[in-house]
Each structure stands twice: as C-alpha cells, then as structure tokens.
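Reviewing the structure listed below.
Bear in mind that the values here come from a model prediction, so they are computed numbers and not experimental data.
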Amino acid sequence: MKQIHCSAAAQELKPIMFMILNQIASGIVNVFYKLAVADGMKVKILVVYRLVLASIFLAPIALVFERKSRPRFSKIIALQAFVSGLLGGSLGSNLNAESIVLTSATFTTAMYNLIPALTFFLAVIFRLEKLEIRQSAGKAKVVGSTLSIAGAMVLSFYQGINVTLWSTHVDLLQTASATTDQRQQQSPLLGSLLAVSSCLSYAAWYIIQTKMSYDYPCYSSTVLTCFSGAILAGIYALCTETRFTEWQLGWNIRLVASAYMGVIGSGLVIAVTAWGGRVKGPLYVTSFLPVSLIFVAIIGSIALGEKLTLGSVLGSVMIITGLYFVLWGKRKETIMTQSDSVTAREETSENASSAAAVREV
C-alpha cells in the first residue's frame, strides 16, 4: 500500500518538476542572448541560427511521431506557417533579443508574463473570446490583464532605489570584448517598447499557432513555423549583415548559445510544453511562467552584474499577480463550460428517455 502511495506521489510530482525545469531552460535562453551579444555576435544572426537549429532538431521528431496523423499540406497551412514564422519566429525573436541587449535579461523575462493578458485582449478584439464582464471569470480576466499592463508600465518608467540581494563581484559580461559598448548602448525606454512589441507579436502568434495546430499536428506545425521563421529572419539578417566573418561560429560562446537556443530553447522546451499541456492542460503550463523570472533574476544578479530596482520588483509582482487573475478567470470559465456541457447532455438524455417512454405507452 505504501509503495502504491509513493508511486502516485511520484506521478503527481513529475509534471511539477518537468514544468519547473522547462521554465529554467527557457530562462537560460535570455542569459545566453546577453552573453553571445556581449561577445560581439549580432542579434539578427543569432536568431537565424536558433531557428535553423530548431528546425533541424524538431524535423526528425515530427517525421517519426506524426507521420500517420499528418494531413496533406495545403495553401491554408502554408499561409498559417508563413504568418506564424513571421510573428513567432523572425519578428518576435528579433524584438525580444534586441530588448535584452538594450535592457537586461531579468527585465525582458518579466515582460514575458504579459503574453497571457495580451493574448486575452487580442482574442476579445478578434471575437475569439467573450468578455463576459458580468461574471466573476470575466471580471478576473479584465482585472488581471489591466494589472499586468500597469505592472509593465511601472517596470518601464519607474526605477526607484536599488535592491541588493547579494554581492558576488562576478560579472561574466566583463570577459567579453563588446561589454563596454553594450553597456553604453543600453536604452531602457526603447528596450521596454521592443519588449512589449515582442509580447504582442508572440500573443498574436499563439492565436494563429493554436488555429494551425487544429489543422496540423503539434511538432509538424512547429517545424513549419521555425523553418519559415528561419527563412524570413535569414533574409532580414542578410540585408544588413553581409560580412562572412560575422556569420562564422567557432568553439566559443556563440556556438554554445546558438546550439542551446535551437536544441533546448526551441526544441525540448516546446516538446515538454506540449506534453504538459496534453497531460495537465495549458493553464497548468502557463502557471509556471514566474519560475523563469525568479531564476533569471537570481542568475542576472549573481553572474551578469544586473541590478534589481524597486520599480522592477514592484512591476514584476504586479505582472505576476495579473497573470494569476487571468489564469483563475480562464480556469473558472472552463469549469463553467464543462458544467454546462454536462447539464446539456443530461437534459438531452432525459428528454430522449421520456420520448422513448411515451412511444412505449
């Protein structure tokens, strides 16, 4: 009996551990962006390598696991793949990377938590979601979205006093030749605008990617998104970065960053996210988003010489609180929908039974 209880506890603990590790792996992506750019690598080129390696890594998985469930390729799928590659691949990744360069890894990771609120607003605008302001679920989603946006404004426009967690006197960016230039080029306001734009791009991508996943399997649609994103990002990068030396990868942080972002950041993270959504649902997966922020804040403070301010802490707390309001409202709405469906089925069954009884009489 004790063995059965331990096995059940382990099964319940497994999704939690996978989601925590998944968010940590996702947060490390922003740290690698900072390190690679500090070493002199161009953001545009790094995005291209990330999407190319992600496509190469995910393509065999899609071919093996979805060879029987994959429908015929059509013009609609091609259009969805192009738009997904633009919003979730090329545009979103470039805006996000530029934001990290101009601000900090912690700041951009905090902004990530805006995506659920912005997705909700876009879904309401395009009539994919109902506002339902009279119900508690609708009120929670509106309050949460508003609170998240207010938190983003605090994060962007208010700094306040420095908050020192600890001092290790370690700064990995000091080993890079481009460190001084990078620090001089930092622009919090422009970085904030790019971060919000990146979140908007990803929010729109989530809506299109969700629609695409109904028509095409998960891994195959992700491969198409990464592949089309790599082409678009490559065209954009080749227009401005024409020197061959800028594209060279040696046995250095540039190669490590590109490989990690492609294989882990866009490959395994997507696979684990898809698994978590299938086992526990999408709300369960998104509830672990703040783990990434906490981890990156610790790493940024310990190893990257990033300083936390009162504004960044307050803004992050507001965004995370708003996130959970939105998640609670969505969960409440899902429970109500399921309850209504069960009631409707029961009523249909009762009506059918009554009709059968009348026919027998």
* Asked: Okay, side chain of Thr146, backbone of Val142: is any donor-acceptor separation there less than 3.5 Å?
  ->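 Judged by distance alone, yes, a pair lies under 3.5 Å.
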* **Backbone N/O of Met41 and side chain of Asp39: donor-acceptor pair under 3.5 Å** =>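 Pair absent, no side-chain N/O of Asp39 close to backbone of Met41.
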Are [X] and [Y] grouped together when hydrophobic residues (ILVMFWY) are joined by side-chain heavy atoms under 4.5 angstrom apart?
{"X": "Leu268", "Y": "Phe288", "value": "yes"}
{"X": "Ile76", "Y": "Leu87", "value": "no"}
{"X": "Val269", "Y": "Leu46", "value": "no"}
{"X": "Val64", "Y": "Ile56", "value": "yes"}
{"X": "Trp251", "Y": "Tyr49", "value": "yes"}

How far does [atom1] of [X] sit from [atom2] of [Y], to the nearest 0.5 angstrom?
{"X": "Lys14", "Y": "Met19", "atom1": "NZ", "atom2": "CE", "value": "11.0 Å"}
{"X": "Ile28", "Y": "Phe295", "atom1": "CD1", "atom2": "CZ", "value": "4.5 Å"}
{"X": "Thr109", "Y": "Ile294", "atom1": "OG1", "atom2": "CD1", "value": "11.5 Å"}
{"X": "Ser93", "Y": "Glu98", "atom1": "OG", "atom2": "CD", "value": "11.5 Å"}
{"X": "Ser292", "Y": "Ile20", "atom1": "OG", "atom2": "CD1", "value": "12.5 Å"}
{"X": "Arg67", "Y": "Phe65", "atom1": "CZ", "atom2": "CZ", "value": "9.0 Å"}

Any residue meeting side-chain hydrogen bond (donor to acceptor under 3.5 Å, both in side chains) with [X], in chain and number order, not counting sequence neighbours:
{"X": "Glu66", "value": "Ser220"}
{"X": "Ser198", "value": "none"}
{"X": "Ser316", "value": "none"}
{"X": "Ser99", "value": "Thr108"}

Distance-minimising heavy-atom pair for [X] and [Y]:
{"X": "Gly88", "Y": "Trp205", "result": "CA-CG, 3.4 Å"}
{"X": "Gly262", "Y": "Leu53", "result": "CA-CB, 4.0 Å"}
{"X": "Ala140", "Y": "Trp328", "result": "CB-CE3, 3.5 Å"}
{"X": "Ser104", "Y": "Lys34", "result": "CA-NZ, 3.8 Å"}
{"X": "Cys199", "Y": "Met111", "result": "SG-O, 3.1 Å"}
{"X": "Val29", "Y": "Arg50", "result": "CG1-NH1, 3.7 Å"}

For a quick test of your reading: what N or O donor-acceptor pairs under 3.5 Å do the side chains of residues 189-197 make, sequence neighbours left out?
from: Ser192; atom 1: OG; to: Ser156; atom 2: OG; distance (Å): 3.4
from: Ser192; atom 1: OG; to: Pro188; atom 2: O; distance (Å): 2.7
from: Ser197; atom 1: OG; to: Leu193; atom 2: O; distance (Å): 2.8

* **Whether over 12 other heavy atoms sit under 6.0 Å from Tyr202 OH** =>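 Yes - once you tally the heavy atoms of other residues, nucleotides and ligands closer than 6.0 Å, there are more than 12.
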* Assess whether atom CG of Leu63 is packed by more than 12 heavy atoms of other residues, nucleotides or ligands within 6.0 Å. =>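 Atom CG in Leu63 is packed in, count exceeds 12.
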* Asked: Side chains of Asn96 and Asn30: closer than 4.5 Å at any heavy-atom pair?
  ->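 Answer yes - side chains close enough.
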* To do: Applying salt bridge (charged side-chain N to carboxylate O under 4.0 Å, His left out), name anything that partners Arg243, two or more places apart in sequence or on another chain.
  =>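 Once residues adjacent in sequence are excluded, the partners of Arg243 under the salt bridge (charged side-chain N to carboxylate O under 4.0 Å, His left out) criterion are Glu246.
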* Return the set of residues passing salt bridge (charged side-chain N to carboxylate O under 4.0 Å, His left out) with Lys42 (not counting sequence neighbours), or none when no residue passes. =>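 Residues passing salt bridge (charged side-chain N to carboxylate O under 4.0 Å, His left out) with Lys42: none at all.
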* To do: Report the C-alpha separation of Ser258 and Leu249 in whole Å, then their side-chain angles, then the decisive distance to 0.1 Å, and conclude whether the side-chain contact (heavy atoms from CB on, under 4.5 Å) test is met.
  => CA-CA 9 Å; Ser258 301; Leu249 293 176; 4.1 Å; yes
For residues 147-155, which side-chain N or O atoms pair as donor and acceptor with protein atoms under 3.5 Å away, sequence neighbours left out?
from: Ser148; atom 1: OG; to: Gly144; atom 2: O; distance (Å): 3.0
from: Ser148; atom 1: OG; to: Ile319; atom 2: O; distance (Å): 3.3

For residues 224-240, which side-chain N or O atoms pair as donor and acceptor with protein atoms under 3.5 Å away, sequence neighbours left out?
from: Thr225; atom 1: OG1; to: Gln209; atom 2: OE1; distance (Å): 3.0
from: Thr225; atom 1: OG1; to: Ser221; atom 2: O; distance (Å): 2.9
from: Ser228; atom 1: OG; to: Ala81; atom 2: O; distance (Å): 2.8
from: Ser228; atom 1: OG; to: Leu224; atom 2: O; distance (Å): 2.9
from: Ser228; atom 1: OG; to: Thr225; atom 2: O; distance (Å): 3.1
from: Thr240; atom 1: OG1; to: Ala237; atom 2: O; distance (Å): 3.3

* How are the rings of Phe32 and Tyr260 set relative to one another: parallel (under 30°), tilted (30 to 60°) or perpendicular (over 60°)? ->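 Judged by the thresholds at 30° and 60°, the geometry between Phe32 and Tyr260 is tilted.
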Can you name the residues that form a ring-ring contact (aromatic ring centres under 6.0 Å, His included) with [X], not counting sequence neighbours?
{"X": "Phe57", "result": "none"}
{"X": "Tyr219", "result": "none"}
{"X": "Phe18", "result": "Trp275"}

* Please lay out, stage by stage, how Val47 and Tyr33 fare under the test side-chain contact (heavy atoms from CB on, under 4.5 Å). => CA-CA 9 Å; Val47 169; Tyr33 265 130; 3.9 Å; yes
